[in-house]
Amino acid sequence: MAGVSSFLPAELLLAKRVQDMVINGEEPASLHMSRDTNEAQNVPSHLSMIPIIDLNFISSSTTSSGEEELRKLKSALCSWGCFQATGHGIPIALLNKVRTVAREFFEQPMEEKKKYSKRVDEMQGYGGDPTPEQGQFLDWQDRLFLDVYPEDLKKPTFWPQNPKSFREVLEEYTIKIKMVTEMVSKAIAKSLQLEENCFQNQLGEGAILNARFNYYSRCQRPEVVLGLKPHADGSAYTIILQDDVEGLQVLKGEQWFTVPTISDALLVLMGDQMEIMSNGIFKSPVHRVLTNSERGRISIAMFYSPEKNKEIGPEEGLVNEERPRLFKKITDYADVHWEYYQKGQRALHVAKV
Ligand SMILES: O=C(O)CCC(=O)C(=O)O
Ligand SMILES: [Fe+2]
């Protein structure tokens, strides 16, 4: 089987699912073999010291310890570009329900999942990412991508009917995540000594939330594949719920650091548009996902981006003589980001002055 799939073009490989390949005992095809095996063998993976920040403490505290938490937040976003959020107000029972419906969805027979299949070139729906440009590798993953907010973006035909509670759980989670975005946007504005609503104002009332359910099948050869290739997100920021299987890594300096799994925490990761709005003070970190030979991994990423056609740019309060303007104002950056992503490149230079 390995010999057959090695020569399949990307479109054909994308028409099958990685999960099916694993069930059928197929080896990764050459188009999946994106990982530098030298790096895989020689570089130890360090568990990262990404700070844990209590959002509730920041929003409710006016004391000097609240100030201290804000300093910790700013330092996390300047150095790592992400933090692990606790005190976000989402009960652990709901986080676990989201993890459960995600796993139950992917563990269904293929006929059931195929009801929500996207065409190879579409974004929303079940499958793999649209075909990347020539010369790019394929990720060792399957995903279900759904626009969840605002309402008029939703395409109900792609919303699974099974497991039965999927829709209800995702709707409840979306409402809660919207509340978390309010807490996060205010906290990071305060950490930069800006007016607390400034980022929400830039992103607009119709700021978009997309949900990406990722399933990274176990792989017999984790040293040759990547669950998700190195990239930075095109969002303002992304809120990631992990299960208990490690795999996500963040690049800091020259080194990959594994993000620890914490059952009640959400990883808040800055995207390129927050790097732009913060005039480069916050970093949009490059990250990737590794697989392992033992267990499949689930994650649910919620991308938070400006409303359609909304211009964003560096906050005026962050532009001064010491820190000149680094970025232009830009509209619908996510589209440009996607074009470059398909080529395996970053897009941030497009917004540079
Ligand atoms: O699986 C993860 O933890 C990260 C997913 C991710 O980076 C993405 O969906 O953009
Ligand atoms: Fe990402």
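This structure is a prediction, so every number in the text was calculated from the model and none was measured. Atoms within each ligand, like the ligands themselves, are counted from 1 in listed order.
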Ion pair [X]/[Y], N-O distance below 4.0 Å:
{"X": "Glu223", "Y": "Arg221", "result": "yes"}
{"X": "Asp129", "Y": "Arg212", "result": "yes"}
{"X": "Glu111", "Y": "Lys114", "result": "no"}

State, to the nearest 10 degrees, the angle whose vertex is the Fe ion (ligand 2) and whose arms point to OD1 of Asp233 and NE2 of His287. 90°
Can you give me every donor-acceptor pair (side chain of residues 346-353, partner residue at least two apart or in another chain, under 3.5 Å) with its distance?
unit_1	atom_1	unit_2	atom_2	d
Arg346	NH2	Asp272	OD1	2.8
Arg346	NH2	Ser284	O	3.3

Which atom pairs, donor and acceptor, lie under 3.5 Å between side-chain atoms of residues 160-168 and protein residues at least two apart or in another chain?
unit_1	atom_1	unit_2	atom_2	d
Asn162	OD1	Lys164	NZ	2.7
Asn162	ND2	Glu112	OE2	3.1
Arg167	NE	Trp159	O	3.3
Arg167	NE	Pro160	O	3.3
Arg167	NH2	Pro156	O	3.2
Arg167	NH2	Trp159	O	2.5

Please give the N or O to N or O pairs under 3.5 Å between ligand 1 and the protein, distances rounded to 0.1 Å.
unit_1	atom_1	unit_2	atom_2	d
ligand 1	1 (O)	Tyr216	OH	2.7
ligand 1	1 (O)	Arg297	NH1	2.9
ligand 1	1 (O)	Ser299	OG	2.6
ligand 1	3 (O)	Arg297	NH1	3.4
ligand 1	3 (O)	Arg297	NH2	2.8
ligand 1	7 (O)	His231	NE2	3.3
ligand 1	7 (O)	His287	NE2	3.0
ligand 1	9 (O)	Asn214	ND2	3.3
ligand 1	10 (O)	His231	NE2	3.2
ligand 1	10 (O)	Asp233	OD1	3.4

The criterion is ring-ring contact (aromatic ring centres under 6.0 Å, His included); which residues satisfy it with Phe199, sequence neighbours excluded? none
